[in-house]
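Report on the following structure.
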Protein chains: 2
Amino acid sequence: MSSEPSRKLTIYDLAKLAKSSPSTVSAVLNGTWQRRRISRKLARRILDLAEREGYSTNMQARALRRDRSGILGMILPLYDNRYFSSIAQIFEAEARRRGIFTIVSCTNRDPDQEREAARMMLAYRVEHLICTGATNPDAIAEMCSAAGIASLNLDLPGTAAPSVISANREGARRLTDALLDRLEARKIDAARVLFIGGRAEDHNTRERIEGFRQARERRDLATKPTDIVPCDYAAEKAQAALEAYVGREGRLPAAMFVNSTISLEGIVRWLRLGGHDMNDIIMGCFDWDPLAAAFHPRLIMMRQDVSTMIARLFDWIDTPPEDPTMRLEVMPEIIGNSAAAPGRG
Amino acid sequence: MSSEPSRKLTIYDLAKLAKSSPSTVSAVLNGTWQRRRISRKLARRILDLAEREGYSTNMQARALRRDRSGILGMILPLYDNRYFSSIAQIFEAEARRRGIFTIVSCTNRDPDQEREAARMMLAYRVEHLICTGATNPDAIAEMCSAAGIASLNLDLPGTAAPSVISANREGARRLTDALLDRLEARKIDAARVLFIGGRAEDHNTRERIEGFRQARERRDLATKPTDIVPCDYAAEKAQAALEAYVGREGRLPAAMFVNSTISLEGIVRWLRLGGHDMNDIIMGCFDWDPLAAAFHPRLIMMRQDVSTMIARLFDWIDTPPEDPTMRLEVMPEIIGNSAAAPGRG
DNA sequence: TATGAATGCGCAATCGGTTGTGCAACTATT
DNA sequence: AATAGTTGCACAACCGATTGCGCATTCATA
């Protein structure tokens, strides 16, 4: 380790030290030296020198000159559930594997914050912008296309950029089927099944509601409007909605389709506060959380296949789809629906 | 909205359009126009033009020239628990409030990934690097100081940069006290209390163990070495460690100090699998998760005060402490230890 | 011993902002 | 009317990389 450089080392400094030129040093350090016919000997000397002196490329200068930042941007609603946090982690890991730098920003499901974050990412000239669970993906996609950079949607689809999402309808159908199967096994009337959580205006919730409906329809079960309560995601909202439902109906639902782990939090809290036994009610959750699974092993969960979703995303980053309205659905996996489920484990 | 610009708009384009000069346009757009005595009229004209044409400053160019990126970097072990995810979220929110851009990278508690992420952040010339829960904070601090940029530690302290951490020892003492109080209330022998989870080589775990010991000592309770099992954080490790403990002791511990929510996951799973009743055992967890709290309201949790920790961090970003080895401890809050706790709620 | 090709490297322009400095034109002062 | 001060803006030199181009050498071939 050499002594503290008072100023950051540049290729000009290295060129002087190596008695060479900045262009040569640059070529050596960015790996294009063979193409520029720099001798292996000189290359090695410069590389050693750079290593010894602790040189680090100024990415701003590189980005400016190359007109490519080497950065991938992602906006995300939140980090604080397993679904979104694993999206961030797997996205980062995959980008790192490819030597790409990532910037992730969470925007709290707030359209203004989404736009502002996108504006910043565009100012930093990210090469792609991944728009995850955005309230208004098309607005972001438009900003991106105006800036001439590609955008992709994840989790919630848009019409202005390609989207990778979960197979929400089919997933919801399967989750509902699992609930109905358990009711049948316990010979419980399937009339009182409640769908709770999510936003009526978001695509995923609408699809899941549709899947829920279809699964019931196929068994000739009617679904009342009051059985479907997209009361937003927040735990408190779900708590209040369940309270209201029980107030109206006079008793607990026999089964519940809970639309997210954050809604589940409210549901569970409400049940606990009321002194209800979790096992008296059959629950499914369209999302996955290992702690919840540990606490309540009879809870059925849909685990969205984040690895596959991210893999498809990178496929599109590598080779952009010709059709910008392309939509790809990835099937989630059902967890906790073992055959032994009806009995006590 | 004007027609699609084929090339990204620059201050030179704007200068031409406004029949002005690049330096004037620059001054107007970065807010220094008053100091440079640009007339209000011209400034307005240029601002309107920039707005109309959808101009966006090239941050790479700005950063290069200013020699300041305007970026704050943070490395983080993971996103997938509430503690770290709220650190990321609150950090971002606070930075956004100040108009600072952030880059967060998670490094999976892997020293190599930590160094690599730090190297990248330094290459992008972040202005500060926050090192959260790093396995080797001093190594990162050294890299930073060699590059001439300030670093700060969060969650796990180092000796080469100022650190903001939780009051682990005192927090652990209080959590242990809560466990012992409950044992007393139930008139249960306090011999069989198990500390489980974490890494013996990390500072926080050592401090918590010390707090655990002290709380027992103050009640004249001896602590056997086998009562303390820092088996790493992973759920599987905790699961195996508990299994081993029970195998040795012939029965369950009466109470447990679980060192993280991820360890808690393994503990709860193991208890469930064995058909044990969660309420037969008094549990505390040094960390907080609202889903866990909802599922198990008698679980006592220490919620680390992330908001305060981040606030202190930004204090130091604003005015760096004179002493680089400075360490600040922020008291965590105990959750779920209400007076009504011993009875059924 | 010419001639042409290949090898090895440096020159200088460039990316898009920022900022020290200078120079008109205008206003106030004596 | 001459001088000094103020106002309003443009010039041009950077920041640190990248890259098209060109010029010496050296090597192979005739």
Side-chain angles (χ1 to χ4, degrees), chain A residues 5-47 50 53-71 122-125 127 147-148, chain B residues 5-47 50 53-71 122-125 127 147-148:
Chain A
S6 66
R7 215 47 254 116
K8 247 321 200 174
L9 219 61
T10 71
I11 53 170
Y12 297 91
D13 304 321
L14 288 182
K16 242 168 242 152
L17 288 173
K19 299 198 187 315
S20 174
S21 76
S23 59
T24 300
V25 172
S26 169
V28 169
L29 293 174
N30 67 32
T32 60
W33 57 276
Q34 322 230 31
R35 204 172 341 123
R36 288 179 78 81
R37 295 185 316 227
I38 310 295
S39 67
R40 183 171 303 274
K41 215 180 75 185
L42 180 55
R44 177 118 309 281
R45 190 152 56 84
I46 291 176
L47 280 172
E53 299 291 330
Y55 170 82
S56 129
T57 305
N58 183 325
M59 297 308 242
Q60 328 285 353
R62 167 175 293 177
L64 175 58
R65 181 55 234 244
R66 284 201 180 153
D67 202 24
R68 304 188 304 108
S69 63
I71 303 178
L122 292 177
Y124 278 95
R125 303 295 189 264
E127 297 187 19
Chain B
S6 66
R7 215 49 252 115
K8 249 315 201 176
L9 218 61
T10 72
I11 53 170
Y12 297 91
D13 304 321
L14 289 181
K16 244 169 241 152
L17 289 172
K19 300 200 189 313
S20 175
S21 77
S23 60
T24 300
V25 172
S26 170
V28 168
L29 293 175
N30 68 31
T32 61
W33 57 276
Q34 320 229 32
R35 203 173 341 124
R36 290 180 79 80
R37 295 186 316 229
I38 311 294
S39 67
R40 184 170 303 276
K41 216 180 72 185
L42 180 54
R44 176 118 309 283
R45 189 152 56 84
I46 290 176
L47 281 171
E53 299 291 330
Y55 170 81
S56 130
T57 305
N58 183 326
M59 297 308 243
Q60 328 285 353
R62 167 174 293 177
L64 175 58
R65 183 55 239 241
R66 285 202 180 152
D67 202 24
R68 304 189 304 111
S69 62
I71 303 177
L122 292 177
Y124 278 95
R125 303 295 190 263
E127 299 187 17

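Residue numbers start from 1 in every chain, and the chains themselves are labelled A, B, ... in the order their sequence lines are given, proteins ahead of strands.
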Margin query: Of the listed nucleotides (dG16(C), dT18(D), dT18(C)), which one gets closest to any side-chain atom of R62(B)?
Written below: dT18(C)
Check: To the nearest angstrom, how far is Q60(B) atom CD from dC15(D) atom C1'?
Finding: 13 Å
Checklist line | Nearest-angstrom distance from the residue atom OH of Y12(A) to C1' of dA13(D) | finding: 13 Å
Next item on the list: Take atom OH of Y124(A) and atom C1' of dG16(C), then tell me their distance rounded to the nearest Å.
Entry: 15 Å
Notebook entry, point to check: Is there a donor-acceptor pair under 3.5 Å between the side chain of S39(B) and the backbone N or O of L42(B)?
Noted result: yes
Checklist line | R68(B) side-chain N/O to E127(B) backbone N/O, donor-acceptor pair under 3.5 Å | finding: no
Notebook entry, point to check: Looking at T24(B), does any N or O in its side chain come under 4.0 Å of the phosphate oxygens OP1/OP2 on dA10(D)?
Noted result: yes
Margin query: Can you tell me how far apart CZ (R65(B)) and CD (Q60(A)) are? Round to the nearest 0.5 Å.
Written below: 14.5 Å
Notebook entry, point to check: dA13(D) P sits how many Å from D67(B) CG, rounded?
Noted result: 21 Å
Note to self: For a side-chain contact (heavy atoms from CB on, under 4.5 Å) check, start with the C-alpha distance between R62(A) and N30(A), then their side-chain angles and the critical distance, and finish with the verdict.
What the structure shows: CA-CA 10 Å; R62(A) 167 175 293 177; N30(A) 67 32; 3.6 Å; yes
Margin query: Just verifying a value: how many Å separate I11(B) CD1 and S23(B) OG, rounded to the nearest 0.5 Å?
Written below: 8.0 Å
Next item on the list: Please figure out whether S20(B) or A61(B) has its closest DNA chain D nucleotide nearer the 5' end.
Entry: S20(B)
Note to self: Please determine whether side-chain hydrogen bond (donor to acceptor under 3.5 Å, both in side chains) holds for the pair R36(B) and T24(B), giving the CA-CA distance in whole Å, both sets of side-chain angles, and the decisive distance to 0.1 Å.
What the structure shows: CA-CA 8 Å; R36(B) 290 180 79 80; T24(B) 300; over 6 Å; no
Item checked: Close residues, residues 31-41 of chain A, relative to DNA chain C [heavy-atom separation under 4.0 Å] -> R36(A), R37(A), I38(A), S39(A)
Check: Between N58(B) and L64(A), is any pair of side-chain heavy atoms under 4.5 Å apart?
Finding: yes
Notebook entry, point to check: Less than 4.5 Å apart, any side-chain heavy atom of I46(A) and any of I38(A)?
Noted result: no
Next item on the list: Using salt bridge (Lys or Arg N to Asp or Glu O under 4.0 Å) as the criterion, list what pairs up with R66(B), not counting sequence neighbours.
Entry: none
Notebook entry, point to check: Does N30(B) put a side-chain nitrogen or oxygen below 4.0 Å from OP1 or OP2 of dG17(C)?
Noted result: no
Next item on the list: Grab the CZ-P distance between R65(B) and dA17(D) for me, whole Å please.
Entry: 15 Å
Next item on the list: Work out how much the helix from dT1(C)-dA30(D) to dT30(C)-dA1(D) bends between its end axes, five pairs an end, to the nearest 10 degrees.
Entry: 50°
Note to self: Check this one for me: any side-chain N or O of Y55(B) less than 4.0 Å away from OP1 or OP2 of dG17(C)?
What the structure shows: yes
Next item on the list: Could you check whether L42(A) gets within reach of a base, just the sugar-phosphate, or nothing at all, counting any heavy atom under 4.0 Å?
Entry: sugar-phosphate
Check: CG of N58(B) versus P of dG16(D): gap in Å, rounded?
Finding: 16 Å
Next item on the list: Classify the side chain of R66(B) versus the base of dT18(C) as yes if they form a donor-acceptor pair under 3.5 Å and no if they do not.
Entry: no
Margin query: Less than 4.0 angstrom between a side-chain N/O of T10(A) and OP1 or OP2 of dG16(D), yes or no?
Written below: no
Note to self: For a quick test of reading the model: is some side-chain N or O of S26(B) closer than 4.0 Å to OP1 or OP2 of dT18(C)?
What the structure shows: yes
Note to self: Working note: E53(B) + D13(B), criterion side-chain contact (heavy atoms from CB on, under 4.5 Å); need CA distance, chi angles, decisive distance, verdict.
What the structure shows: CA-CA 10 Å; E53(B) 299 291 330; D13(B) 304 321; over 6 Å; no
Checklist line | Length of the CD1-C1' vector between I11(A) and dT19(D), whole Å | finding: 11 Å
Item checked: Side-chain-base donor-acceptor pair under 3.5 Å for S23(A) and dC11(C) -> yes
Check: For R68(A) and dA17(D), what is the distance between atoms CZ and C1' respectively, to the nearest whole Å?
Finding: 13 Å
